[in-house]
Amino acid sequence: MLYRYCAMLLLGMLFACEQVFARDTADDSGTDPAVVIDRHIQHYVVEPSGAYLVTVDTAKTIVEARAVQEHGQYYISYNKTLDEVVALDAYTLKPDGRRVPLRPGQVRDQQETASTDAPMFQDTRLKIVVFPEVAVGDQLVVNYAIRRATPLFPGHFEDLSFSPFYLNKNFVLIYDMPESMPLHADAVGFVPLPLSPRDVVAKGRKRYQWRYLGGDNQRLEADSVSYLDYGRRLAVSTFSDYADFALAFRTNSGANSGANAGAGVAAGADTGSAIAAAPSPAIATLARQLTAGLPDARARALALSDWVRRNIRYVGVYIGPGGVVAHPAATVLDNRYGDCKDHAALLEAMLAAVGIESTGALVNSGNAYQLPETPTLGVFNHMITYVPGLDLYLDPTAEATMAGYLPAGILGKPALLLASGRFAMTPILQPERSRTTTWFDIGRDGRSRFKVSKTASGASAEPWRQTVRDTRVADREQFVRRMLQGLGQKGQGVFDAGTVDHPDKDGGDEYRVSLSGSSDHFIALPGPSALATTYDFWGGLGEAVFTLGQEKERRQAFVCPAIDAEDETGFRLPKGVRVLALPKSTSLMDGGIYYRSTYARQGSAIVVKRRLTFRHGRATCTPDDYRAMQPALERIMRDLRSQVVVSGR
């Protein structure tokens, strides 16, 4: 189930960190040769209730010394509320056949770090097996079994699997199911295995099994879509379709379940909206107070969502004895904390109190933009709220995102509307603009004083506001020093008091922040020197371009968000310093990219202005899109690296 999927995803992320060591060949730039998976046999025995017993037999060989530290321990992820680890055996097998068993204290149990910050569905712990006497050539063997007595979805089972990028000799997934629970599958890179005579299945049961095909693996490229979008994975489920899945989720989680959750669902509703049951008196009173005097339904919806995100603290998921459970909205209000399901339940109840219909919507908050054909919890890792009457998506857990906007990771995603079981699509674009003005006053000694002013508008306003608010006074000077170090400069600076001490407490669609300071050895004078024309203080136009063009070539689809950025950089030169050369202006419009730069003298000053916009009809770009935009990106990068040549006396 999902806890194992998350563990596998973690392994995939660990692999990505190791890619610098991976083989660099035309067809296989991703497989890490440091480890070989000799076998991984995973066997589920599922009961009609959806409960199951899973046994895992895995063995891997350490091929290179660098793998000893990382792979000398094995992580078993399990849900502390629903699961019981009923068997565990592990040992190190030496090349000469000697078996080194675990000693006391070499199995540790701890909270999974990722679970603490996960948006939903995780309430996991880790059993960490520390293998003894690990060396190159050893085989590390683990056998364990986990029993889940209480299923997440009673009467159903679902699973999503893939393999980390190592050589896999024998990766097999087996599912023993009741005949009354047919298993649907969406398999890519997994092939079904026929039953052999020794595959005995009890009467009234049916076995399904698949083998991982393996093969070459492409290196995971920067900002690429999730491997689950295009790679080898197996999704299995007893749900006939996503509408069936949505009904089970809604029924089991308590979402939209009536007065306790704050909003009920009309049977057979086809609009994606929820028909409100009576919210609690406290919720109704609060909702009406917060929306009093507001002009329309949209303003009321935004006000309620903003109140929830600012006043209900996010905490780890709650999975109760009945599975995936949302607390009653009244309880969430009383406690002032909850996970994303709880935030959504409270917001739906508050919306219902002022006559606005809404529904929970399941989405992926990472880089997954596609769903398996077979319904599975899989890539759904977050719940937001959809208001069909306004065609408005709200994320009441996003502390740094104002209502009316969505976090970037949710844009352009399929959203499963719980009230109807139908799919919708979150917005691909939303208003967002960045403008940065930087001025350097350069002294005859080569030092400079600088002032940076940043204006963020639209979706980026609140993240900036939140970041400034969260930067402690004691950390602000160090924050500026780190920014200067990133630009190859040494100096000091501070945030200007006006933007820090009075950070627009009521929010807004625009936020201005400024900082000032000095930089040592900014330019070498009096001799001929070159001034860089790009200084990305805390994100700017240049950073956006280099992020978009950071791969030499691409073979995977990648996330390509819209860009609207404008930078102005000015240099006031000391007396006696002459300008020997200015770069040429650049202007281009190609493949959705518009870019313009100008270089001008204004008395003793030099002013560099740049503007970049990028629009794409989707939230992701293809390798063909990337090839088409590369000439424009290369021209822009050359311009960003241009220099002004000056000389002093």
Side-chain angles (χ1 to χ4, degrees), residues 2 5-6 9 118-121 153 158-160 162 184-186 188 223-231 233-237 239-250 253 255-256 265 269-274 324 340-341 344 358-388 390-398 401 405-430 459 556-562 616-622 625:
L2 183 65
Y5 155 71
C6 293
L9 186 59
M120 70 183 303
F121 299 137
F153 302 105
E158 50 80 31
D159 187 36
L160 177 64
F162 70 98
H184 310 281
D186 181 3
V188 179
D223 294 325
S224 67
V225 298
S226 169
Y227 179 73
L228 296 173
D229 280 10
Y230 65 89
R233 78 286 186 278
L234 175 66
V236 297
S237 175
F239 295 106
S240 58
D241 54 32
Y242 277 100
D244 189 24
F245 172 82
L247 175 62
F249 186 98
R250 187 171 72 237
S253 70
N256 304 323
V265 179
D270 61 1
T271 63
S273 63
V324 181
C340 68
K341 300 186 306 302
S358 65
T359 176
L362 298 181
V363 296
N364 176 267
S365 62
N367 275 16
Y369 289 81
Q370 299 183 32
L371 299 173
E373 292 183 6
T374 299
T376 172
L377 199 57
V379 294
F380 287 131
N381 63 359
H382 193 41
M383 183 188 289
I384 60 176
T385 300
Y386 178 61
V387 182
L390 302 172
D391 193 22
L392 175 65
Y393 291 89
L394 302 166
D395 186 350
T397 66
T401 303
Y405 302 101
L406 289 175
I410 300 178
L411 297 176
K413 296 292 183 68
L416 181 59
L417 306 180
L418 293 177
S420 65
R422 294 186 176 182
F423 278 105
M425 180 70 71
T426 62
I428 295 173
L429 298 173
Q430 59 187 358
Q556 300 153 15
F558 63 101
V559 183
C560 54
H616 191 62
R618 302 181 303 276
T620 61
C621 292
T622 67
D625 293 329

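With sequence neighbours excluded, no residue forms a ring pair (Phe, Tyr, Trp, His ring centres under 6.0 Å) with Tyr405. Under the ring pair (Phe, Tyr, Trp, His ring centres under 6.0 Å) criterion, Tyr369 pairs with no residue, sequence neighbours left out. Residues satisfying the side-chain hydrogen bond (donor to acceptor under 3.5 Å, both in side chains) test with Gln430, not counting sequence neighbours, are none. When the side chain to side chain contact (heavy atoms under 4.5 Å, CB included) test is applied to Ala557, the partners found at least two apart in sequence or on another chain are Val225. With sequence neighbours excluded, the residues satisfying salt bridge (Lys or Arg N to Asp or Glu O under 4.0 Å) with Asp625 are Arg618. With sequence neighbours left out, the side chain to side chain contact (heavy atoms under 4.5 Å, CB included) criterion links Asp223 to Thr547, Gln550. For Asp241, the side chain to side chain contact (heavy atoms under 4.5 Å, CB included) partners at least two apart in sequence or on another chain are Ala243, Asp244. Under the rule for a side-chain hydrogen bond (donor to acceptor under 3.5 Å, both in side chains), Asp229 has no partner lying at least two apart in sequence or in another chain. Under the side chain to side chain contact (heavy atoms under 4.5 Å, CB included) criterion, Ala408 pairs with no residue at all, not counting sequence neighbours. Not a single side-chain hydrogen bond (donor to acceptor under 3.5 Å, both in side chains) links Thr620 to another residue, sequence neighbours left out. With sequence neighbours excluded, the residues satisfying side-chain hydrogen bond (donor to acceptor under 3.5 Å, both in side chains) with Thr376 are Glu158.
One distance of note links CZ of Phe239 with CZ of Phe249; it measures 10.5 Å at 0.5 Å rounding.
Classification of the Phe380-Phe245 ring pair by plane angle, with boundaries at 30° and 60°, yields parallel.
Defined by atom type and a distance below 3.5 Å, a donor-acceptor pair is missing between the side-chain atoms of Asn367 and Ser226.
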